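These notes are about the structure you will find just below.
Below, chain A is the first sequence line, B the second, and so on; all start at residue 1. Note that the structure is a prediction, hence the values are computed from the model and not measured.
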Amino acid sequence: MSDILLQAAGAAFQISTILAVLAGVAIGIVIGAIPGLNAAMAIAVAVPLTFTMSPLAAIGMLVGVMKGGGFGGAVGAALLNTPGEPSAAATALDAYPLAKEQGKPRKALKMALYSSVAGDTWSDIVLITFAFPLAKVAGQMGKVEQTALILFSFTMIAGLSGRSLIRGLIATLLGLLFALVGRIEVGFAERFTFGLLELSDGLPIAAVAIGVLALPEVLIQIVRGRGGGSEGVPTGDNEPRGSKALTFAEYWSARWAIVRGAMIGTLIGALPGLGSSVAAFLSYGVSKRMSRHPEKFGKGSLEGIAASESANSAVNGANLIPLLTLGIPGNVTAALLIGAFIIHGVDPGPAVFTKDAPLIFGLFIAMFIANAGVLLIGNFSLGAFALILRTPGQVIYPLVALLCITGVYISAGMGLMGVWIMLVFGVLGYLMRRFDYSVVNFVIGFVLGDAFEQNLRGSITILHRDPWHGILNHPFAIAMVALTAAVVLAIMVRSIRGRF
Amino acid sequence: MGPKHDVLGGGLAVTFGLALLLWLIPFHVSEDPGLRLPVSILPRIVAWLLIGLGTLQMAGGVLRLSATPGRAELLPDRSEAKMVLLVLVILALAVTGMSWAGYLIAAPLLMAALAWIHTPSAPLRIVLAALLGPGVIYVAVRFVFERMLP
């Protein structure tokens, strides 16, 4: 064990790994700060940059992007009232009034930064504490249990991440279907390759993810001619010196909001499908109810900023609990991380803790390096945020479009064919957005599709002789199927009640 | 999203499900007789689920439409959709251009075109961005990541 730890520490503290993590944090903060772009898009665009890196540096960089993007979302929320991330919308409720109306943007950003890092660090500790025991339990699961678990996750994510279960399920099914393209794992049969040799190995995740996640948003921003170049961004240059800083007393006054936010975010992050927006708003609501000064909420309350930011950042670490222990992503950033794991030859799931233990320990260390990076880079670049937000959208969005093309070209491993695939999925992503089908569900269906099919085939092989008696030997699977049915029923009842 | 979106979206899901069952699966999925389960089993399950869920969504939309007759509802913004289509055509031309003329020719032209569509002003800024952006990306990919671009 100590050998593994030393090996992990050695790899994590290599200068190349640290630089990769810090670069990821910087990319995440910058992209997360730009209205219209978010952490998931930042990860999708950053995946191609990791191809020449070691698995730890690559995954550490993407985790850095995720953590940086989480805080970056608060920048647009505080300075423009335009959250980069939907989860930062709760932050905007207080950060913007504090920055704009009270003229204290630096105070708002510092509170967001410190709360974000506190929430993130807490959830990382929870992840490290619970991941190993959970992985041991998960390691006992067979194919039948895993099939039932993936089915449950699909339903949870489909039902809870959007407004309609039916739309969520259709999006998940489409993702699942596109995951089936190519030669099957065993044998030589092919599906939907249309005679194209390039599709034999399936659709490249980078092309699909960038296509549905990043490209449609960039296209929409380009044709609307919006974003960037925002005039009137509060810089805090005229702030009196004393009021710029966030005092320790002010930070301490929001400690319970931070603790509550971190706990709520961790709990919600560990469950598939709910995501950081739910965590942020739930924490904001709870803190408002429990605050001694609820009347200040919505008018620049530091507690409000702390509650929202600590919760939405705490989701980051907790999201990795189902990802690492079960191989199931809780949200779209986790789904993209699974893709990155696979690209770098690592299969997330319970076996990863024995097969790739040094990598996992190294990743845990890299997560703390990333937290320190968010704190340092965030602190020292507060003044630069106004500059980022003032950069014209006329330059930013075409550049991001070009980065999408270039990234897919170098990462998909199929030349310009990968770029064509990205364009096709860009059209699909645009249509899905316009018809309110969740691209998050689509990506999760796509990422889990292959594992679902393999487990389903294995399950049917195990159960085919005597399915009814055979299933009785799998109580966990029965419980998961029952839970799936309960989730569907609960969502249907809620939907019917909402309508009448 | 309103009932018309439900009818249209559900209709598309049903149509795609039918296309899978009647054309895509029979003609574009090859079977392996050595396998216990047919290769097409999961695509077929997905197709039937798409048809079922799409029908439910359509039915919900129709019910809501009949409950609120004459309600005005805007389908996706057509002018935006046309502009998105234009940008996609430009992207497709740029990708084709990259295979013929190379990245260093096609990428600046693409960048300039997209910047002009975003905001048709500040030509000097557009020219600078079109030259610097692709240039920096090319140098980074070629010399930092040591990968070739077309």
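- For the set A:Val427, A:Leu180, A:Leu174, the count of heavy-atom pairs under 4.5 angstrom toward chain B peaks at A:Leu180.
- In terms of heavy-atom pairs under 4.5 angstrom with chain A, the leader among B:Val87, B:Leu37, B:Thr119 is B:Leu37.
- Looking at A:Ile405, only its side chain comes within 4.5 Å of chain B, counting heavy atoms on both sides.
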Would you give me the side-chain donor-acceptor pairs under 3.5 Å for residues 41-62 of chain B, sequence neighbours excluded?
residue: B:Arg44; atom: NE; partner: B:Ser40; partner atom: OG; Å: 3.4
residue: B:Thr55; atom: OG1; partner: B:Ile51; partner atom: O; Å: 2.5
residue: B:Gln57; atom: OE1; partner: A:Tyr437; partner atom: OH; Å: 2.8
residue: B:Gln57; atom: NE2; partner: A:Tyr437; partner atom: OH; Å: 3.2
residue: B:Gln57; atom: NE2; partner: B:Asp6; partner atom: OD1; Å: 3.2

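- Heavy-atom distances place no part of B:Leu85 under 4.5 Å from chain A, backbone and side chain included.
- Ranked by heavy-atom pairs under 4.5 Å with chain B, the first of A:Leu219, A:Leu403, A:Leu416, A:Leu176 is A:Leu416.
- Note that CD1 of A:Ile410 and CG of B:Leu149 are 7.0 Å apart. Values are rounded to the nearest 0.5 Å.
- The parts of A:Phe194 that come within reach of chain B are both its backbone and its side chain, each placing non-hydrogen atoms under 4.5 angstrom from that chain.
- Among B:Ser99, B:Pro150, B:Ala107, B:Gly133, the residue making the largest number of heavy-atom pairs under 4.5 Å with chain A is B:Pro150.
- When the candidates A:Thr406, A:Val395, A:Leu431, A:Thr52 are compared by the number of heavy-atom contacts under 4.5 Å with chain B, A:Thr406 comes out ahead.
- To the nearest 0.5 angstrom, A:Ile222 atom CD1 is 7.5 Å from B:Ile117 atom CD1.
- Here the shortest heavy-atom pairing between A:Tyr430 and B:Glu80 reads OH-OE2, 2.7 Å.
- Considering all non-hydrogen atoms of both residues, B:Val39 and A:Arg191 come closest at O-NH1, 2.9 Å.
- Most heavy-atom pairs under 4.5 Å with chain B, from the set A:Val419, A:Leu399, A:Ile184: that is A:Leu399.
- B:Pro108 does not touch chain A: none of its heavy atoms, backbone or side chain, sits under 4.5 Å away.
- Smallest separation of non-hydrogen atoms from B:Val84 and A:Val223: N-CG1, 3.7 Å.
- Interatomic distance, B:Leu91 CG to A:Leu423 CG, rounded to the nearest 0.5 Å: 5.5 Å.
- Here the shortest heavy-atom pairing between B:Met111 and A:Leu402 reads SD-CD2, 4.2 Å.
- For a residue to count as touching a neighbouring chain, one of its non-hydrogen atoms must lie under 4.5 Å from one of that chain's; by this rule B:Ala129 touches chain A with the side chain only.
- Using a 4.5 Å cut-off between heavy atoms, B:Tyr103 touches chain A through its side chain atoms alone.
- Minimum interatomic distance between A:Arg434 and B:His5 (heavy atoms only, all atoms of both residues): O-CD2, 3.9 Å.
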Enumerate donor-acceptor pairs with a distance under 3.5 Å from any side-chain N or O in residues 8-30 of chain B to protein atoms, sequence neighbours excluded.
residue: B:Thr15; atom: OG1; partner: B:Gly11; partner atom: O; Å: 2.6
residue: B:Ser30; atom: OG; partner: A:Glu190; partner atom: N; Å: 2.8
residue: B:Ser30; atom: OG; partner: A:Glu190; partner atom: O; Å: 3.2

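- Contacts between A:Ile170 and chain B at a heavy-atom distance below 4.5 Å involve backbone atoms as well as side-chain atoms.
- Taking all atoms of both residues into account, the shortest heavy-atom contact from A:Arg457 to B:Pro38 is NH2-O, 3.1 Å.
- Here the side chain of A:Gln394 pairs a donor or acceptor atom with the backbone of B:Ser121 at under 3.5 angstrom.
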